[in-house]
Amino acid sequence: MKFTAEQIAGILEGKVVGNPMAEVSRLSKIEEGTEGSLTFLSNPKYQNYIYSTKASVTIVNDTFIAEAPITTTLIKVIDAYSAFSKLLEFYNQVKLNKSGIEQPSFLSDSVKYGESLYLGSFSYVGQNVVLGENVKIYPNCFLGDNVVVGDNVILFAGAKIYSETIIGNNCTIHSGAIIGSDGFGFAPNPDGTYTKIPQIGNVIIEDNVDIGSCTTIDRATMGSTIIRKGVKLDNQIQIAHNVEIGENTVIAAQTGVAGSTKIGKNGMIGGQVGISGHLTIGNNVRIQAQCGVGGNIKDNEILQGSPAFGYNDFSKSYVHFKNLPKIVAEIEELKKQILNQKNGKNG
C-alpha cells in the first residue's frame, strides 16, 4: 500500500515540510533509505544521514533545523521515536487486516465465529469451535474440537491448537507453535517398558499473551495447564503438563519447564533455563540464562548458575573459580612450607 506524506502527517498529527504528495510504500533505516521508503530521525548520532538519505519521507522532531540541503520530505512531530512506533503499529494493523474464508479450507458446520474472521487456505477448524471477533487464522493452521478463541487473536501460519484449548482476547500465537499436545506422562512397568497415562486436561491461555514460533505448551494430565494474562513466551520453549505461569512473566528462548511447576507473576527467565518439575517459583524472580533450577525459589530472588544458586553468591564464587589454579598452587606451596617446618623441628 502507498501513503502520501500528507496522509501520514494526518495520522501522526504532524507538519509536512517539503512535498506533501511524496509517496512511500515501505519502511527503512535512515542510513538505508531508498526512493519510496519512509524513515525517522530521533537519535542525534544519526543526524548526518538525513543529508544523504534517499528516503522519500523522514519523520523528525519538531525542533529539527536543517544545516545543509536535504532532498527528503520531512514530517515534523513532537517526538519522532514515539510517532514512528505509532506508525509501525498502524502499518501492522493494515498489513494484518485480512478477512474472509479462503479455499481450500475446512470449517465445521458447528463452528461459531464473530465478525471479520480471516481463515487462510488449508486450515482446519473442528467441531464446536468458538471464535471471537476479528480472529485471524493464517494458512495451514489446525484447531481441534471444542477450542474457544477470544477476540482479536492472531494464529500465524502452521500453528496447531489441540482440542479443548481456551485462548483469551488479544493473543498472538506464532508459526509452528503447538498448544495442547499430550503431556509427557508414562508409568514404568516391571519389565522395563512404559504405559502411557492418558492426558485428559487442557490448556488455558488468558488475555494479552504472546507465544513465539515453535513453542510447545502441553495439555494437563487432569485439570489445566495455565498461562496467565500478559505472559510473553519466546520461540522454542517447552511448557510441560499442569504448569502454571503467572501474570506478566517473560521467558526467553529454549527454556524448558517440567510438569506441575508453578511460576509466579512478573518474572524474567533467560534463555536455555531448565526448571525441574513440581516446584514453586515466587513472584518477581529473575533467573539468568542457562540456569538449572532444581528447588523452590522465594519471591524477588535473582539466580545464576547450574545448578542455580543466589546471584550474589554465584558472582563471588565465580571470581574464585577463575583463580582456582592459582589458589591451588598457593595451597600446595603452603603445605610444602608446613611440611618443611615440621621436618625441621623433628630433625
Side-chain angles (χ1 to χ4, degrees), residues 183-194 197 212 214-218 221 225 227-228 231-347:
F184 190 61
F186 296 88
N189 298 315
D191 62 357
T193 62
Y194 291 86
I197 300 171
C214 298
T215 283
T216 300
I217 303 174
D218 290 343
T221 305
T225 302
I227 312 299
R228 297 293 183 190
V231 167
K232 310 301 179 188
L233 301 180
D234 198 358
N235 304 328
Q236 297 179 323
I237 290 172
Q238 162 64 23
I239 305 297
H241 59 86
N242 292 94
V243 166
E244 181 175 339
I245 301 178
E247 295 177 12
N248 301 317
T249 285
V250 179
I251 303 180
Q254 298 181 359
T255 286
V257 183
S260 299
T261 284
K262 310 301 180 189
I263 299 174
K265 62 185 179 181
N266 301 316
M268 295 182 69
I269 299 175
Q272 295 186 335
V273 170
I275 301 176
S276 298
H278 301 275
L279 301 182
T280 299
I281 295 175
N283 301 322
N284 309 306
V285 167
R286 304 291 186 266
I287 303 176
Q288 308 292 334
Q290 294 190 328
C291 282
V293 181
N296 295 332
I297 303 174
K298 297 178 181 179
D299 291 351
N300 306 309
E301 290 283 333
I302 301 175
L303 280 81
Q304 186 165 348
S306 184
F309 56 98
Y311 177 76
N312 290 333
D313 290 339
F314 176 87
S315 298
K316 294 174 184 176
S317 299
Y318 190 70
V319 171
H320 297 304
F321 176 75
K322 289 193 297 183
N323 295 322
L324 195 56
K326 180 181 176 182
I327 294 169
V328 170
E330 290 174 349
I331 292 172
E332 292 297 325
E333 181 61 29
L334 288 171
K335 287 168 64 178
K336 287 179 183 180
Q337 292 177 13
I338 293 169
L339 185 61
N340 289 335
Q341 290 175 358
K342 285 182 178 180
N343 290 336
K345 288 181 180 179
N346 293 335

With sequence neighbours left out, what residues match Ile331 under side-chain contact (heavy atoms from CB on, under 4.5 Å)?
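Only Ile327, Lys335 meet the side-chain contact (heavy atoms from CB on, under 4.5 Å) criterion with Ile331.
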If I compare all heavy atoms of [X] with all of [Y], which pair ends up nearest, and what's the gap?
X	Y	answer
Asp218	Gln238	OD2-NE2, 3.0 Å
Ile297	Glu301	CG2-CB, 3.5 Å
Thr215	Asp234	OG1-O, 2.7 Å

Out of curiosity, [X] [atom1] to [Y] [atom2], how far, rounded to the nearest 0.5 Å?
X	Y	atom1	atom2	result
Ile263	Glu247	CD1	CD	14.0 Å
Leu233	Thr216	CG	OG1	11.0 Å
Ile239	Glu244	CD1	CD	12.0 Å
Lys232	Asn248	NZ	CG	7.5 Å

Test: side-chain hydrogen bond (donor to acceptor under 3.5 Å, both in side chains). Region: residues 303-330. Which pairs qualify, not counting sequence neighbours?
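Qualifying pairs: none.
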Looking at Thr193, is its backbone amide N or carbonyl O close enough to the side chain of Asp191 to form a donor-acceptor pair, meaning the two atoms are under 3.5 Å apart?
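Flag set: sc Asp191 to bb Thr193 pair under 3.5 Å.
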Has Phe184 got more than 12 heavy atoms of other residues, nucleotides or ligands less than 6.0 Å from its CZ?
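Counting neighbours around CZ of Phe184, 12 or fewer heavy atoms of other residues, nucleotides or ligands fall under 6.0 Å, so no.
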I'd like a table of donor-acceptor pairs (distance under 3.5 Å, sequence neighbours excluded) in which one partner is a side-chain atom from residues 267-292, with atom names and distances.
residue	atom	partner	partner atom	Å
Gln272	OE1	Gln290	NE2	2.6
Gln272	NE2	Gln254	OE1	2.6
Ser276	OG	Val293	O	3.3
Asn283	OD1	Lys265	N	2.9
Asn284	ND2	Asn300	OD1	3.2
Arg286	NH1	Asn266	O	3.0
Arg286	NH1	Asn284	O	3.4

